[in-house]
Q: 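Handing you this structure, nothing more for now.
Order of the sequence lines fixes the chain letters, A, B, ..., with proteins taken first and strands second; residue numbering starts at 1 for each chain. The structure presented is a predicted model; accordingly, all values stated were derived computationally and were not measured. Any value given below was found using the heavy atoms of this structure, including those in side chains, with hydrogens, waters and symmetry copies removed.
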Amino acid sequence: MSGFSAPGCGTLRAADVGRRVELYGWVARRRDHGGLIFCDLRDRSGRVQVTFNPATAPAAHATAEGLRAEYVVRVGGTVQRRPEGSENRALATGEVEVAAVELEVLSVSRTPPFPIDGEREPEESVRLRYRYLDLRRQRMQHILEVRHRVNRITRDYFDRLGFREVETPILTKATPEGARDFLVPSRLYPGRFYALPQSPQQMKQLLMVAGVQRYYQIARCLRDEDLRADRAAEFTQLDLECSFCDEEDIFEVIEGWIAELWREILGVEVARPWPRLSMSESLLRYGTDKPDLRCELEIADVGEAVARTEARVLRSALEAGGVARALAVPGGMDMSRRELAELEALARGAGGAGLTWLPGPLDRHLSLEEQARLQEAAGARPGDRLLLVADRKRRAERVMGLLRQEVARRRGLVKEGAWRFCWIYPMMLFEEDDQGNLTYGHHPFTRPMEQDLHLVEERPYEVRAHAYDFVCNGYELGSGSLRIHDRALQERVFEILGLEAETIRSRFGHLLEAFEYGVPPHGGIAPGLDRIVMLLCGTDNIRDVVAFPKTQSMQDLMMDAPSPVDPAQLRELHIQVAPEAVSGALPRP
RNA sequence: GGUCCCGUGGUGCAGCAUGGCCCAGCACGCGGCCCUGUCAAGGCCGAGAUCGCCGGUUCGAAUCCGGUCGGGACCGCCA
């Protein structure tokens, strides 16, 4: 018995009428009429109706009486046209049915914990606990297929462009900067640890030194940071790097790739070239580095308009060196006090000093002239409501960005069905961290723009970088840069970042040494495949596009990981667990 | 590290603000019987939850309070 070449249940059509077939699949539903029994048989290709007739196939019919949901069966029978009037147009196979002659139960099933074809999804924890059943659902099968096709199209595309797929290590070295590492204890070297890669960043640069010229990899990346709806601890990047390129080459390659994915999978032509938006412009107008351009709303700087205001809330923020930003909500005069209060709560939740609005509580503190200037600066039209935030720049931007998103969502201002790609470019080489210290914007290997090099020491925050993100509909899909390929410049950047000579040597010595042996100028990018599949599948949750995902708190509810390990295993690894940690054993999910 | 939402038979939901009318309601599913053209088959009958867990308030708690566990969304974090 081999069903390897059997036709898929969902593939049978009128053209197959008269064919003798053997089908393998799961019982999706059974309808027992006392005499005739109908059974919908399902596999990944779809479903088809099987009939068991006691008059013509008594043995099969008798067996069919015992069928239950999710039994795995083999059915032998003949494809026949359904009787006139009993076709089911909702089903791709609805013109035909299989008259069963033979039925063999290959595997029985307990009643599943949730219906496989239910229109409502069970709660996330139930889905994850029984992921193998969750994946049986048509929606999940579709996602698995899309993901497979994305991988295949991607490999074809980059192969055509002369890229070579190279694998890089999973056991590598810890890098204290950046995200938190996942560590792997070394058995042979007590007290030493490998780290799982946050990305193959340094490896791919070394591959450029190695003369690979064009590299790509569908690479797993692991970061031990807190999760979000679009962020998993382990995720997949299309990692790529090429030699002798500039950003225009990268843009062309990526736009072409995305266009091909969208065309092949959605049948959609993506408009090109994509617009470019500098980072500072994006932060000002959209309040985020990943703007959703499906919404026209724009944030305005209104610092000038209220520069000499008497209103305390605005004044104190401005005097402290902050900014004032406004968002004109079209027709927002109809916003209820309750709605405004909810937005205010959102602003506070994001750490903002507060939110005010016009018309609103601020009216009597602002002169009519100031109000007019504000309306003008914000581009407000009659009937609009102005949302106003005065705060430190970073916070004001973040709060405004969240407000813009929320207002757009509530008022239906997001153009559904649109695909709005853009490049965030250029970006700044350095940023200020929370403590006010200088840090890198993208990563420490990013190449400064040549014309700004003279500012590196004196006014580092003004140095632009050959760094870029690409964004679609509010999702950051990929991030990249041209890299420094000059040892002296790389060392200068490390020094500006405040790294000690010894730190530089121990962490990046191999890279700097490699840079002494002839380095091609190079650059690359790393698109997040999970998020791209999310967009292609119309889901807003990264767990949906991963076969076996973990929860937000990083547990695997199916495997029950992480788990305690045998003390002998720990001894072998020279690991001793702190006593207070041992008592905090995880509950069985 | 923090904020917020959710947890009621197998699944999805109602009940919770105004505690007693609830030893908890509905739909689906499940079990039995009937039924030869259904496809969310139909009809009849039936089983199944002490309301995540612990504690408190109260004459009385699914309902109020505290804690805890689990799931989710977000802020911080994510080169």
Side-chain angles (χ1 to χ4, degrees), chain A residues 28-40 47-56 61 68-70 82-91 93-94 97 99 110-130 133 175-181 198-199 201-202 221-233 235 342 345-352 394-395 398-399 402 405-406 429-431 433-434 439-446 467 476 479 481 497 507 526 528 540-541 543 550-553 555 557 584-589:
Chain A
R29 217 166 262 278
R30 186 184 63 116
R31 293 177 293 281
D32 187 341
H33 285 234
L36 263 188
I37 294 174
F38 298 95
C39 173
D40 293 339
R47 58 168 66 188
V48 68
Q49 175 167 285
V50 178
T51 62
F52 296 91
N53 192 325
T56 58
H61 178 269
R68 294 292 181 272
E70 303 309 315
R82 290 193 184 194
E84 183 92 38
S86 68
E87 299 88 352
N88 184 349
R89 238 168 295 175
L91 220 55
T93 58
E97 63 192 9
R110 291 165 64 181
T111 299
F114 55 87
I116 304 303
D117 58 358
E119 64 290 357
R120 301 239 216 175
E121 284 191 340
E123 191 192 85
E124 192 84 15
S125 56
V126 179
R127 293 179 60 197
L128 294 180
R129 165 96 171 75
Y130 298 98
L133 297 180
T175 51
E177 61 286 315
R180 200 173 291 119
D181 285 311
Q198 298 178 22
S199 82
Q201 180 60 36
Q202 293 188 48
C221 304
L222 301 111
R223 298 176 189 175
D224 189 3
E225 293 292 344
D226 291 345
L227 275 23
R228 288 287 189 283
D230 64 348
R231 243 167 52 191
F235 60 100
E342 282 166 2
L346 179 80
R348 286 193 193 283
R394 259 176 87 154
R395 263 207 311 247
R398 186 170 73 226
V399 168
L402 286 169
Q405 198 181 3
E406 182 62 15
L429 187 65
F430 299 114
E431 285 174 6
D433 70 14
D434 290 333
T439 183
Y440 37 65
H442 179 58
H443 60 52
F445 316 111
T446 303
E476 184 200 305
S479 191
S481 64
L497 287 167
R507 281 183 210 161
D540 56 8
N541 195 308
R543 276 172 262 108
K550 293 180 180 44
T551 65
Q552 189 170 56
S553 45
Q555 287 196 59
L557 297 183
L586 287 172
R588 168 75 214 186

Q: Going by the rule ring pair (Phe, Tyr, Trp, His ring centres under 6.0 Å), which residues pair with A:F38 if we only count those two or more places apart in sequence or in a different chain?
A: A:H33
Q: With rounding to whole Å, what would you report as the distance between B:G76 and B:A40 at their P atoms?
A: 47 Å
Q: Over how many whole Å does the gap from A:E342 atom CD to B:C74 atom C1' extend?
A: 15 Å
Q: With nearest nucleotide decided by heavy atoms, which residue, A:T551 or A:S199, maps closer to the 5′ end of RNA chain B?
A: A:T551
Q: If you compare every side-chain N and O of A:R228 against the phosphate oxygens of B:C75 (OP1, OP2), does one of them come in below 4.0 Å?
A: yes
Q: Taking the C1' atom of each, how far is B:A17 from B:C64, in whole Å?
A: 11 Å
Q: Any N or O donor-acceptor pair linking the side chain of A:N541 to the base of B:G72 at under 3.5 Å?
A: no
Q: Judged by atom type as modelled, is there a donor-acceptor pair below 3.5 Å linking the side chain of A:S199 to the main-chain atoms of A:C221?
A: no
Q: Over all strands shown, is A:R543 touching base, sugar-phosphate only, or nothing at heavy-atom distances under 4.0 angstrom?
A: sugar-phosphate
Q: How does protein reach along nucleotides 9-14 of chain B, written 5' to 3' as B (base within reach of a heavy atom under 4.0 Å), S (only sugar-phosphate), or - (no contact)?
A: -SSS--
Q: Can you check the A:D181 CG to B:C78 C1' distance for me, whole Å?
A: 12 Å
Q: Tell me the closest heavy-atom pair linking A:P54 and A:H61, and the distance in Å.
A: CD-CD2, 3.6 Å
Q: Output all residues satisfying side chain to side chain contact (heavy atoms under 4.5 Å, CB included) with A:D224, sequence neighbours left out; order by chain, then residue number.
A: A:R180, A:F182, A:M554
Q: Are the side chain of A:R231 and the backbone N or O of A:D226 linked by a donor-acceptor pair below 3.5 Å?
A: yes
Q: Holding to side chain to side chain donor-acceptor pair (under 3.5 Å), I want the full list of residues that pass it with A:R398, two or more places apart in sequence or in another chain.
A: none
Q: Please measure how far the P atom in B:C33 lies from the corresponding atom in B:G12, and state the result in whole Å.
A: 30 Å
Q: Send over the distance from A:Q555 CD to B:C69 C1', rounded to a whole Å.
A: 10 Å
Q: Go along nucleotides 35-42 of chain B 5' to 3' and tag each nucleotide: B for a protein heavy atom under 4.0 Å from its base, S when only backbone or sugar atoms are that close, - otherwise.
A: BBBBBSB-
Q: If the condition is ring pair (Phe, Tyr, Trp, His ring centres under 6.0 Å), which residues does A:H443 pass it with, not counting sequence neighbours?
A: A:F445
Q: Within the 3.5 Å criterion, strictly below it, is a donor on A:Q555 or A:S553 matched to an acceptor on the partner's side chain?
A: no
Q: Starting at atom CD1 of A:I116, determine the distance to atom C1' of B:C28, rounded to an integer number of angstrom.
A: 14 Å
Q: Check whether any side-chain N or O of A:Q552 sits under 4.0 Å from OP1 or OP2 of B:A73, and answer yes or no.
A: yes
